[in-house]
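Data first, discussion second: the structure below is written as structure tokens.
Chain naming here is simple, since letters A, B, ... match the order of the sequence lines and numbering starts at 1 in each. Reckoned from all heavy atoms, side chains included, excluding hydrogens, waters and symmetry mates.
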Number of protein chains: 2
Amino acid sequence: MGRNKKYQQVDVIEKMTDLFIQKGYTAASLDDLVKVTGMLRGSLYSAFGSKQKMFILALQNCLKNSQTSDKTLGMIVISMMELSNKSEQIKQIIKDWYKKNKGQFIENLIGSYLIKKAKISGDGI
Amino acid sequence: MGRNKKYQQVDVIEKMTDLFIQKGYTAASLDDLVKVTGMLRGSLYSAFGSKQKMFILALQNCLKNSQTSDKTLGMIVISMMELSNKSEQIKQIIKDWYKKNKGQFIENLIGSYLIKKAKISGDGI
DNA sequence: ACTATTTTTGACTAATTAGTCAAAAATAAA
DNA sequence: TTTATTTTTGACTAATTAGTCAAAAATAGT
């Protein structure tokens, strides 16, 4: 009952994830989120509640996948840089993730991801 | 000739650096910079020109120091996350830095810094 | 004292920010 | 058709953003 959803949560969250990874959390504006998702502000807030909740859903969606993809690393690094000191929930999420993944050269993986992302390696990779 | 400087560039840049590392580039506002430096907006712009130029001076000041301190890593990581795709100059600076430091477990150092900064290691370090 | 030069001051602007809300649209059950 | 429920719409707000600028203050040479 009620109006049918025009947008599917999963698709919307995927698009949000790409934006967050591209711009970072703070620099990704609501206008940007409107643009990439196709939803309007009211719908976004009605569906997700706040920008931080959008990010958390995007982060959790990434972590469902057990392998440490670049997408996951992207969201983890943004969490560490911009959100771990603002949200206890996010801090706990990445704490749990680190517990599960430490001892697997994860520090090295994080560093390598950043160098690749910044495109400073010289060999174009 | 002319009015004496009330604030010394070196001190101001040090304070800016601490702010950028604490908040990140985007999240560090001009109001924040006014607060930590003691200078007013007009003085800051008269002395530095723009927020990005303030950041570049802070970054270059860190890199003068040949050792890779946490302060340096902080500025480097912010550059990679928030600025390497916005400023060719900054990209070049961190490209040069990486050239000088690669092969010294620098990826590991970067990852370890982030984990320490986010305080997710479990052992409180 | 006067002039030239530099630095500081803080009010100002135009743009952007996250978030709100009442109304409209869409649906299914009664 | 009416009613209850859900989703979408987009204009709106209050706060914050980076950056500007004319005026005042401070200094040193003439």
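Here D/dG19 presents its P atom at 8 Å from NZ of B/Lys51, a figure rounded to the nearest Å. Distance, A/Gln9 CD to D/dT6 C1': 13 Å, rounded to whole Å. With rounding to whole Å, A/Met39 atom CE is found 16 Å from D/dT6 atom P. What separates CD of B/Glu82 from C1' of D/dA18 is a distance of 15 Å, to the nearest Å. The separation between B/Leu33 atom CG and D/dG19 atom C1' is 13 Å, rounded to whole Å. For the pair B/Leu44 CG and D/dT17 P, the computed distance is 15 Å after rounding to whole Å. B/Phe48 places its CZ atom 11 Å from the P atom of C/dT7, with the value rounded to the nearest Å.
Between the CG atom of B/Leu63 and the OG atom of B/Ser69 there is a distance of 9.0 Å, given to the nearest 0.5 Å. In this structure, the separation between NZ on B/Lys51 and CG on B/Leu30 is 7.0 Å, given to the nearest 0.5 Å.
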- Quick tally for nucleotides 21-30 of chain C: nucleotides whose base has a protein heavy atom under 4.0 Å get B, sugar-phosphate-only ones S, the rest -, giving B---BBBB--
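A ring-ring contact (aromatic ring centres under 6.0 Å, His included) check over residues 77-114 of chain A, counting only residues at least two apart or in different chains, returns nothing. Judged as a ring-ring contact (aromatic ring centres under 6.0 Å, His included), not a single pair has a partner in residues 74-94 of chain A (not counting sequence neighbours). Within the structure, no pair that satisfies the ring-ring contact (aromatic ring centres under 6.0 Å, His included) test touches residues 56-80 of chain A, not counting sequence neighbours. Sequence neighbours left out, the pairs with a member in residues 44-91 of chain A that pass ring-ring contact (aromatic ring centres under 6.0 Å, His included) are A/Phe20-A/Phe55, A/Tyr25-A/Phe55.
Residues satisfying the side-chain contact (heavy atoms from CB on, under 4.5 Å) test with A/Gln89, not counting sequence neighbours, are A/Ile56, A/Gln60, A/Ser87, A/Ile93. Looking at residues two or more places apart in sequence or on another chain, you find a side-chain contact (heavy atoms from CB on, under 4.5 Å) between A/Ser29 and A/Asp31, A/Asp32. Under the rule for a salt bridge (charged side-chain N to carboxylate O under 4.0 Å, His left out), A/Arg3 has no partner lying at least two apart in sequence or in another chain. Taking the side chain to side chain donor-acceptor pair (under 3.5 Å) definition, one finds that B/Asp70 meets it with B/Lys116, sequence neighbours left out. Every residue two or more places apart in sequence or in another chain that forms a side-chain contact (heavy atoms from CB on, under 4.5 Å) with A/Lys5 is listed here: A/Gln8, A/Gln9.
In this model, the phosphate group of D/dT7 is not approached by any side-chain N or O of A/Lys6 to a distance below 4.0 Å at OP1 or OP2.
Side chain of B/Lys5, nearest nucleotide from D/dT9, C/dT9, C/dT7: C/dT7.
The bend of the helix from C/dA1-D/dT30 to C/dA30-D/dT1, defined by the angle between the axes of its first five and last five pairs, stands at 10° to the nearest 10°.
Of all the residues in residues 12-32 of chain B, B/Ala28, B/Ser29, B/Leu30, B/Asp31 reach under 4.0 Å from DNA chain D with at least one non-hydrogen atom.
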